[in-house]
Amino acid sequence: MRYLPKSESERSEMLEVCGAGSLEDLFSHLPADVKLNRALDIPDGKSEYEIVDYFREQADHNATGYPSFLGAGVYYHYRPVLVDTVVSRGEFLTSYTPYQAEIAQGTLTTIFEFQTMVCQLTGMEVANASMYDGSSAVPEAAMMAVRITGRDQILTSRTVHPEYREVLRTYAQHQGMPITEFGYDSESGALDLADLEARLSNQVAAVIVQSPNFFGIVEDIKAAAALAHKHGALLVMVFTEAVSLGLLEPPRDADIVAGELQSFAITPSYGGPFAGIIATKEKFIRQIPGRLVGETKDSRGNRAFCLTLSTREQHIRREKATSNICTNQALIALMATVFMSVYGKEGLRELAEQNLAKAHYLADGLPKRFAGPFFNELVVKCNGTAPEAVNEKLLGKKIIGGLPLGRFYPELKDCMLLCATEMNKRGHMDEVKNAF
Amino acid sequence: MRYLPKSESERSEMLEVCGAGSLEDLFSHLPADVKLNRALDIPDGKSEYEIVDYFREQADHNATGYPSFLGAGVYYHYRPVLVDTVVSRGEFLTSYTPYQAEIAQGTLTTIFEFQTMVCQLTGMEVANASMYDGSSAVPEAAMMAVRITGRDQILTSRTVHPEYREVLRTYAQHQGMPITEFGYDSESGALDLADLEARLSNQVAAVIVQSPNFFGIVEDIKAAAALAHKHGALLVMVFTEAVSLGLLEPPRDADIVAGELQSFAITPSYGGPFAGIIATKEKFIRQIPGRLVGETKDSRGNRAFCLTLSTREQHIRREKATSNICTNQALIALMATVFMSVYGKEGLRELAEQNLAKAHYLADGLPKRFAGPFFNELVVKCNGTAPEAVNEKLLGKKIIGGLPLGRFYPELKDCMLLCATEMNKRGHMDEVKNAF
Amino acid sequence: MILKTTPHLTQNEPLLFESSSPGKKGYQLPALDVPAVDAKTVLGENHVREEIEGFPEVSEVETIRHFTRLSTWNYAIDLGLYPLGSCTMKYNPRVNELVARTEALAWAHPYQPESLSQGALEIMAELERCLAEITGMDAVTLQPAAGAHGEMTGIMLMRSLLEKRGDARKKILIPDSAHGTNPATAHMCGYAVQNIASNSSGLVDVASLEAAMDETVAGLMITNPNTLGVFEENIVEITKIIHAKGGLVYMDGANMNALVGIARPGDFGIDVMHLNLHKTFSTPHGGGGPGSGAVAVKKHLEPFLPYPRMKREGDQWAFNYDLPDSIGKVRAFYGNFGVLVRALAYIMAHGGDGLRRATMDAVLNANYIRKMLEPYYDLPYKKPSMHECVFSDDRQAKKGVRTGDIAKRLIDYGFHPYTVSFPLIVHGALMIEPTETEGKREIDLFVQALISIAEEVETDPKMVLNAPYLTRTSRVDEVTAARKPIVRWKPKATASIAAD
Amino acid sequence: MILKTTPHLTQNEPLLFESSSPGKKGYQLPALDVPAVDAKTVLGENHVREEIEGFPEVSEVETIRHFTRLSTWNYAIDLGLYPLGSCTMKYNPRVNELVARTEALAWAHPYQPESLSQGALEIMAELERCLAEITGMDAVTLQPAAGAHGEMTGIMLMRSLLEKRGDARKKILIPDSAHGTNPATAHMCGYAVQNIASNSSGLVDVASLEAAMDETVAGLMITNPNTLGVFEENIVEITKIIHAKGGLVYMDGANMNALVGIARPGDFGIDVMHLNLHKTFSTPHGGGGPGSGAVAVKKHLEPFLPYPRMKREGDQWAFNYDLPDSIGKVRAFYGNFGVLVRALAYIMAHGGDGLRRATMDAVLNANYIRKMLEPYYDLPYKKPSMHECVFSDDRQAKKGVRTGDIAKRLIDYGFHPYTVSFPLIVHGALMIEPTETEGKREIDLFVQALISIAEEVETDPKMVLNAPYLTRTSRVDEVTAARKPIVRWKPKATASIAAD
Ligand SMILES: Cc1ncc(COP(=O)(O)O)c(C=O)c1O
Ligand SMILES: Cc1ncc(COP(=O)(O)O)c(C=O)c1O
């Protein structure tokens, strides 16, 4: 087997040292009744060429080269070539969590830069080294708020990504963390502040809102924060479209930001791996889940970085840890780090402005369902025809349309969510408009 | 421009140091009449995404996914993934010729390994660090023979790759190196030893033969060498299909081996870049063209490698150099080095055996033009129909057939050269057979 | 004597923020093919931010040099043995990276029509089938993003089943040798943790387990082989004890590299377990992730698996969301698909027999190291080793040298350290897992290094205490880092932040 | 003081042959889908070899580690400034590597039907057009594989034209500042070389040129800017002198990075020239190659260009082999196509204006370095610099330190040395070409390093004489290497080979 770097003679030398006559002998101490007495039912080992052919064949059963207007938490953005150049370096790709700082300064430095850039983007003071994804970052933020406030109720806006709310429910169900949802203004598509205020109480640990929200609408975080704070609750701001942060006012008034960086050079990859983040205020640093890299010095007095505040983590605190997370999404976070470095200050803004322009060109002439200000996604009414029918029509033109909303919002079953990014060409957008 | 790492303020700081008011000032000393007073007629700079799109669009105008039976000096072989992993490392990709040995030991070591493996494959004692390609290695070998023997005539077999012979003619025309060709046995397709002997004389510096020859036939190098040596000429053995060396007796009796390593994980790439080599006997080491890496020690006594015998080369010897070659094909030679390391002793033989089996399966039932033993190529008669017509038929089935030989061998205008490697699938070979 | 490394210069490199200069660009976007819009007009003044303060401004060449230079400060599997116990740092085949980048897979949107996602679905279905066969379980979910996430999923499955039976129960039993994620997970799922002391041979003490087990106990989280690298020889009896009282047994599968093709948890009484695809199945760690924590269950737990599940509709795959008993989603979409692709490619490369042979070589390497080092380091537990072996620093401690110091000195010798101070039941543990992808030459050099360090401890303990010496960064002060945390760059002067 | 590097450990690594062991495999082939044949039967006993003696036998993981470890012993553009004069070591954009690997381009066979090669032909045609526009010439061939190959092609073109005119002539005039490939090329083309001494300002001495030029001279090979980085201000007059006597002027275009977008050889009397696409147009050097030496000519030389040429047939590209005056082929097929793809991608990224701005930044960097170092190093020729500047070690030589020693010391400071001892007209030359892809920070560090070394020469010359110190390999003994050449590995005992 080409991945096993031993010759037969080396094997027998080593077996001899072990005092074993054969490889099987090494397992002779296993109880007979637990051993597998047959070969695994898995086809014989394949050459790398057959493996490549297999996955190409599978890929041929997937869509390729369709212009797509899907967003809804996963966005198509250009991916700078340097991203793969960097993450393909064995020194990043095949290294473990940087527990041994003296031979992991490369990884540690990039994480420190990542944490810094996330802070600069979100207006927060502290960011962790990554969470599994945006959806799992939300319950982690909620639990964090519960620990901070000593309260247990969570209020969530219905405009938070529906799958994120499902994940929150799953996490919450077994730990006595009741979740209540509040509505959105059916005019603007933005959160219903009145409804929020009505549901607020001194039991509420956190109010969770998303901006741009699931409908693409930019929310008024300031107002939501003011209400939450009035009742002693924390405001958790969620984002799924990181590119919006290049243009939108950062959620300075939020207490915790939980987001997804997939837009930063992370391929859609059928839903993962992505990179979630949690950022917060300095004062909450000891309640943040996940890994943190900190600056320090080495014994020669030179700047050095290392994992820090690990007393928050499971390997030290065990059941008292801030989370059970161990492996995170380091390499994916590195992709986002390279992306931020390539685009930089001006690039990220220009990118966001292009997205804004494309989405508004697409919207122009389409029956918008909501009136609120939107970034690069919008809800469109299909007046009469079902959204599925419109998509069928577009598929005929080899275009993938939007996401029909009935599945998540029965009241919007005649609507679809359309997304336009810098990658969508004008001509295709015109075709979409014609389909309505 | 994203490749120019300067901010405007940095530019002006530097201009100031130079005592220049503007970038244009730096060119003020150029005579007015030599300056270009207009912009270059080249479209505005493009983003990397547009560049990728452009080349994809061009690629769409090329054949993709056609099974092919073309060989004739350029062969389709599987390419281990590790090859690109290695040559994509910036430390190999973006380094220069290893003149400064102390910071080029990586490149120097791989070249030393390359030279060694080429010797092991060819049965020679010395091999250089690469030539441009196989075709240009042939005239270099001829000139080397002229220097060694003090004679000037070259005898070439007509079974040497036609384009290689054309290149030899181009190089030869201006340096008084008359080229004579000798024929092949029209039964066996192997070189005509009688004709060779008839043309040999004490004026002949070198006899050039190829094996497997252009028709895929394995030549009798021993016999050719004996004849050449009898007349005091050197035997130059050429190869275009390096995989054959995994199975065929190495040309130990040759004095110089000039070959092409494209088969070793180098993509066809529409004809280049490839990697040529010249290997020879120890006693001719000072007449070999191109770079050589040698083993030595550093000042601490540790093994080290460096470029050596550079007194043969143009930068020292100028007009008296063994060749004018400077830049060679180092990175491509590295691809071949990784390929040889991945396949190794057993792999290269198994690969050669698979090629032999495939070609003989293809040959079975087809009207072979020649009777000699063949490796992975064979000349087939198209009885009646023109080779072009057979290829048309195959193109209809999205298969690229063989090379019609009329262009290079008028007497074989009703024949085509077919190649089968480990990549050709049985089903496609059956389709080719049916086309005859 | 150090045989494996030689000092060489490496490039220094500032942080991106420190090499930024206004106006430097590393990007270019295609020209906009639609009219530009004024952000403040369409979004409202208050929604539009000022420039992103402090954000990098560097060119393309500076970016590639930045990350290339930083990369040279790392150790990695591609550079040598990475014997972190419990982490299964094996070779990451590059063909897996290639196939994961196949365009129609890498660029597939999770909401694109199922009819245009059949390739992705087939890949997941095939991987589920392979993992079920390897573990001997009945069903597999690929949704969890990592091992700990899988543990959480698994414990929720147990809890949902018990709830359905009428009582979710209160406690989870966890051996004191378990990994920290086990208790942390139990806690997140609303369970109290009761530790089970290991017996003198490092195994779960059957008697105390029997004593601890009652109707308030939801079940046991067991790691097998355990974190000592020892197979729990009483595993069948253990699972019987738990089942007898209506509990369920969760197996932490982080150590499956010792069992694949040899023994199957499904055959020795396990109800639910997770696999770390980024360990046993070689998907790259990437400096800390991503991973995948696929969870395998027996029939009785299948109805509770996260939705959606895949089902066959004619000749097509489809997602089934209609699962009333499902615990729900543990993350958006379907899991770390890109990681799943790599894991399947790994399984395909080995085939059934190859996987078994890999396991045997992994166990061979661990036993060889154990034998070679036993004369020099204290081996607290003497049971046969599987894929890893755990020594203690007992002898060296007498000279004032601890496992952490030996680990740092090992760096000078050209190796990444073993896992330090885990499992907790071994005082001053040296936890060594070589994996099967190490050749004899590399392993012999590793053994030689640890023997040489043992000698240094005798002759010159200080030398070991102050290691490493050959790294560009010497011993890092982690205490100060935690006392005054600086977790982001700030323009000089205001660099440090106060912590509460 | 060394600011840019810090020592760090790197992995030692034996040669592949030394880590081989019988039976280790790094490959697997798909099973044969046709009957196997017995080689000895179909080829004959005498044609089948024994095993390849000494050939490597290693596994996949050992292979990737071998080459990864070796790579860390190299310096590269991706790691920092690479100021080799005359080599134009600029940043190699990675998008160019990506597009060159586009499947239908990388896997295109040179003999596949032209109708199925239109994309490849269009790319070559577009590159020819761009290069003609940049050089101001009328036609371009992309066939030559490198600069020297281009020189040979160009001189053959000249010779063929002259032959056709009735007399190929005997000599080529070459300034003594020229690169070694120029005389070597002239010789290969059957010409005698006559050196032209440079004048006191390092330029071609017009008087002696005029004196040397007669009807036995085929022409002049001139490099402009010359190897001092100085523009030949009399170039127009020079070309007139050659043309007046029926000669032709060849320009070595290795230094085009100083002229692109600023001045065009076609506009100052050049008849034929080569371009090093691996210099001016950024295709990677790859440790010594591959390159491309495209040759551009004026109308009168076009008929002699190597065949085939591309021609338009309706809306299709086709190859034209019917060129009676062609010199023939200089290599098989059409050139280093993969390199051509990269060069075109580079040109597209810049556009006309971007190319001009790149040239200006390259010249700015060279002049900045010249200004900063002039107080510390002797500048033998004072004419304005273009893309590079050349100092001499005159002052340091007084302390016994030569340019080669300074170069080695520069390595400790984290930089690749400049070009040493070339051009020959400068005694002890330090030839520095930064290119445009270096930022101010990197350049300032380089300047600081050379200044610091100049000070070391004053205070502690020995220190410089024995450099480098921070590399894993110290000063290499090149003399012994040449005296007893060992150019291949052999099993111990027989390792060294005798040289005549
Ligand atoms: C025994 C054990 N259990 C659980 C885990 C957690 O797995 P992950 O890091 O993938 O969350 C690990 C990984 O370190 C482990 O070693
Ligand atoms: C001035 C000059 N001319 C010619 C050459 C030869 O070019 P190549 O190395 O591509 O053959 C070089 C390259 O070193 C050069 O610097």
Side-chain angles (χ1 to χ4, degrees), chain C residues 2-14 18-19 21 24 28 58-69 71-81 90-95 349 354 411-415 435-442 445 468-474, chain D residues 2-14 18-19 21 24 28 58-69 71-81 90-95 349 354 411-415 435-442 445 468-474:
Chain C
I2 295 177
L3 303 174
K4 189 144 175 283
T5 64
T6 307
H8 187 59
L9 47 77
T10 51
Q11 297 274 319
N12 299 335
E13 176 69 5
E18 295 164 338
S19 52
S21 177
K24 276 197 293 186
Q28 179 179 342
V58 295
S59 64
E60 184 169 318
V61 58
E62 290 167 298
T63 299
I64 194 167
R65 278 187 188 162
H66 177 73
F67 291 102
T68 303
R69 288 168 174 177
S71 75
T72 63
W73 305 352
N74 271 5
Y75 187 87
I77 269 286
D78 280 3
L79 288 172
L81 174 70
K90 60 172 71 176
Y91 170 55
N92 308 130
R94 279 307 197 290
V95 65
I411 292 171
D412 286 330
Y413 278 79
F415 293 96
T435 86
E436 71 279 8
T437 61
E438 296 303 328
K440 184 167 185 304
R441 222 183 130 272
E442 188 80 4
L445 282 165
Y469 302 93
L470 302 182
T471 49
R472 52 174 296 119
T473 298
S474 62
Chain D
I2 294 176
L3 302 174
K4 192 149 174 279
T5 64
T6 308
H8 187 60
L9 47 77
T10 51
Q11 297 274 321
N12 300 336
E13 176 68 6
E18 296 163 338
S19 52
S21 176
K24 277 196 292 187
Q28 179 179 343
V58 296
S59 65
E60 183 168 318
V61 57
E62 289 167 297
T63 300
I64 195 168
R65 277 186 187 163
H66 177 75
F67 291 102
T68 303
R69 289 168 173 177
S71 75
T72 64
W73 305 353
N74 271 6
Y75 187 86
I77 270 285
D78 279 3
L79 289 171
L81 173 70
K90 59 173 70 175
Y91 169 56
N92 308 130
R94 280 307 198 288
V95 65
I411 291 172
D412 286 330
Y413 278 78
F415 293 96
T435 84
E436 71 278 9
T437 61
E438 296 304 327
K440 184 166 183 303
R441 222 182 130 274
E442 187 81 2
L445 282 165
Y469 303 93
L470 301 182
T471 48
R472 53 175 295 120
T473 298
S474 61

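Order of the sequence lines sets the chain letters (A, B, ...), proteins ahead of strands, with each chain counted from 1.
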Exercise. For the residue pair C:Asn12 and D:Thr6, what are the closest heavy atoms and their distance?
Worked result: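 Shortest heavy-atom contact: OD1-OG1, 2.5 Å.
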Exercise. If every non-hydrogen atom of D:Leu9 is compared with every non-hydrogen atom of C:Thr5, which pair is closest and at what distance?
Worked result: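 In this case the closest contact between D:Leu9 and C:Thr5 is CB-CB, 4.0 Å.
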Name the option with the most non-hydrogen atom pairs under 4.5 Å to chain D; the candidates are [options].
options	value
C:Pro468, C:Pro14, C:Pro93	C:Pro14
C:Val61, C:Ile411, C:Leu79	C:Leu79
C:Lys90, C:Arg65, C:Lys440	C:Arg65

Problem set entry | Worked verdict on D:Glu13 versus C:Arg441 for salt bridge (Lys or Arg N to Asp or Glu O under 4.0 Å) | CA-CA 11 Å; D:Glu13 176 68 6; C:Arg441 222 183 130 272; 5.1 Å; no
Exercise. Heavy atoms, side chains only, cut-off 4.5 Å: are C:His8 and D:Thr72 in contact?
Worked result: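 Of all side-chain heavy-atom pairs linking D:Thr72 with C:His8, none is under 4.5 Å.
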Exercise. Quick one: does C:Tyr75's side chain get under 4.5 Å of D:Gln11's, heavy atoms only?
Worked result: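 Heavy-atom side-chain distance check passes, below 4.5 Å.
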Problem set entry | Best-contacting candidate, D:Leu470, D:Ile77, D:Thr473, against chain C by heavy atom pairs under 4.5 angstrom |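 If we count pairs closer than 4.5 Å to chain C, D:Leu470 comes out on top.
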Exercise. Going from OG1 on C:Thr10 to NZ on D:Lys4, what distance comes out if it is rounded to the nearest 0.5 angstrom?
Worked result: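 That separation rounds to 11.0 Å.
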Exercise. How long is the span from the CD atom in C:Glu62 to the CD atom in D:Glu438, to the nearest 0.5 Å?
Worked result: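 If we round to the nearest 0.5 Å, C:Glu62:CD and D:Glu438:CD are 9.0 Å apart.
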Exercise. Given a strict heavy-atom distance threshold of 4.5 Å, which part of C:Leu445 is in contact with chain D: side chain, backbone, both, or neither?
Worked result: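 Neither part, no heavy atoms under 4.5 Å.
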Problem set entry | Proximity breakdown for D:Leu3 and chain C, heavy-atom pairs closer than 4.5 Å |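 Interface part for D:Leu3: backbone (N, CA, C, O).
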Problem set entry | Test item: side-chain donor near acceptor, D:Thr68 and C:Asp78, under 3.5 Å |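 On atom types as modelled, these side chains do not qualify, holding no pair under 3.5 Å.
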